[in-house]
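Fair warning: this is a prediction, and the values are worked out from it, not measured in the lab. Numbers here are sequence positions counted from 1.
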Amino acid sequence: MEVKMKKIIVPIFLGLVLAGCAALNERRETLNDVMQAWVGSNESKLVARWGAPSSSYQNRDGSTVLTWKSITDVGGICSKTFAVNARGIITGWSYNGCYKHTGRMGIPLGTPIPESTL
């Protein structure tokens, strides 16, 4: 019985150690990473993924500002805003009142956290 336990525990222990080593080379994904990943994409892809925005504003130059609002689990309001140029390309972003971490690991540790561009 003791030998079987060792055969089970050793692989589990090694798996945890290896997972811990991988985590040392990664950082947690932030909302900044998620928002920045949309820059350069087409507005229609964003709307297809996120649904219709809560509000939009058309500027005189043909650019648009799109905002999605949601209520956080503690009752606050999370606003995510994107700037879209006249050709429909996302050029900038900002957010307010949102959680900053997505909970996912996997961003290489040396990767800087992008700054809001609006």
Side-chain angles (χ1 to χ4, degrees):
M1 185 72 137
E2 189 174 316
V3 173
K4 284 186 178 183
M5 286 296 286
K6 285 183 181 178
K7 286 184 178 183
I8 293 172
I9 291 174
V10 170
I12 292 173
F13 176 75
L14 289 174
L16 291 172
V17 168
L18 291 174
C21 290
L24 293 175
N25 295 320
E26 298 176 348
R27 69 167 171 80
R28 187 177 299 242
E29 180 183 58
T30 66
L31 183 53
N32 295 44
D33 295 308
V34 172
M35 301 288 282
Q36 182 64 36
W38 284 103
V39 173
S41 295
N42 193 287
E43 169 188 6
S44 61
K45 289 182 181 179
L46 176 65
V47 173
R49 176 80 171 160
W50 287 25
S54 303
S55 64
S56 63
Y57 180 80
Q58 185 84 29
N59 294 309
R60 289 184 191 175
D61 66 0
S63 65
T64 308
V65 177
L66 305 173
T67 300
W68 283 260
K69 291 187 178 187
S70 60
I71 297 174
T72 66
D73 59 358
V74 294
I77 296 175
C78 167
S79 298
K80 299 173 186 171
T81 301
F82 288 95
V84 180
N85 68 20
R87 295 176 311 195
I89 304 300
I90 298 166
T91 60
W93 58 272
S94 68
Y95 65 84
N96 188 29
C98 307
Y99 296 116
K100 295 182 184 196
H101 293 284
T102 66
R104 292 181 34 203
M105 293 296 285
I107 304 293
L109 190 59
T111 305
I113 296 173
E115 294 291 326
S116 171
T117 52
L118 289 181

> Which residue pairs satisfy the side-chain hydrogen bond (donor to acceptor under 3.5 Å, both in side chains) criterion with at least one member in residues 77-88, sequence neighbours excluded?
Thr67-Thr81
> Name every donor-acceptor pair, under 3.5 Å, that has one atom in a side chain of residues 42-53 and the other anywhere in the protein, sequence neighbours excluded.
{"from": "Asn42", "atom 1": "OD1", "to": "Ser44", "atom 2": "N", "distance (Å)": "2.9"}
{"from": "Asn42", "atom 1": "OD1", "to": "Ser44", "atom 2": "OG", "distance (Å)": "2.8"}

> Taking only residues two or more places apart in sequence or in another chain, which ones pass salt bridge (charged side-chain N to carboxylate O under 4.0 Å, His left out) with Arg28?
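Here no residue qualifies.
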> Going by the side-chain hydrogen bond (donor to acceptor under 3.5 Å, both in side chains) test, which pairs reach into residues 31-40, not counting sequence neighbours?
Arg27-Asp33, Thr30-Asp33, Asn32-Tyr95, Gln36-Trp93
> May I ask you to list the residues sharing a hydrophobic cluster with Leu118, side-chain cutoff 4.5 Å, ordered by chain and number?
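When side chains under 4.5 Å apart are linked, Leu118 ends up in no cluster with other residues.
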> Find the distance between CD1 (Ile77) and OG (Ser70) and round it off to the nearest 0.5 Å.
9.0 Å
> If I take atom OG1 from residue Thr117 and atom CZ from residue Phe82, how far apart are they, to the nearest 0.5 angstrom?
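Output value for this atom pair is 9.0 Å.
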> Output every pair passing salt bridge (charged side-chain N to carboxylate O under 4.0 Å, His left out) with a member in residues 56-74, not counting sequence neighbours, ordered by first then second residue.
none
> Taking Trp68 as the starting point, is it possible to reach Val84 by hopping between hydrophobic residues whose side chains are less than 4.5 Å apart?
yes
> Between Leu109 and Glu26, is a side-chain contact (heavy atoms from CB on, under 4.5 Å) present by the stated rule, with each step listed?
CA-CA 4 Å; Leu109 190 59; Glu26 298 176 348; 5.8 Å; no
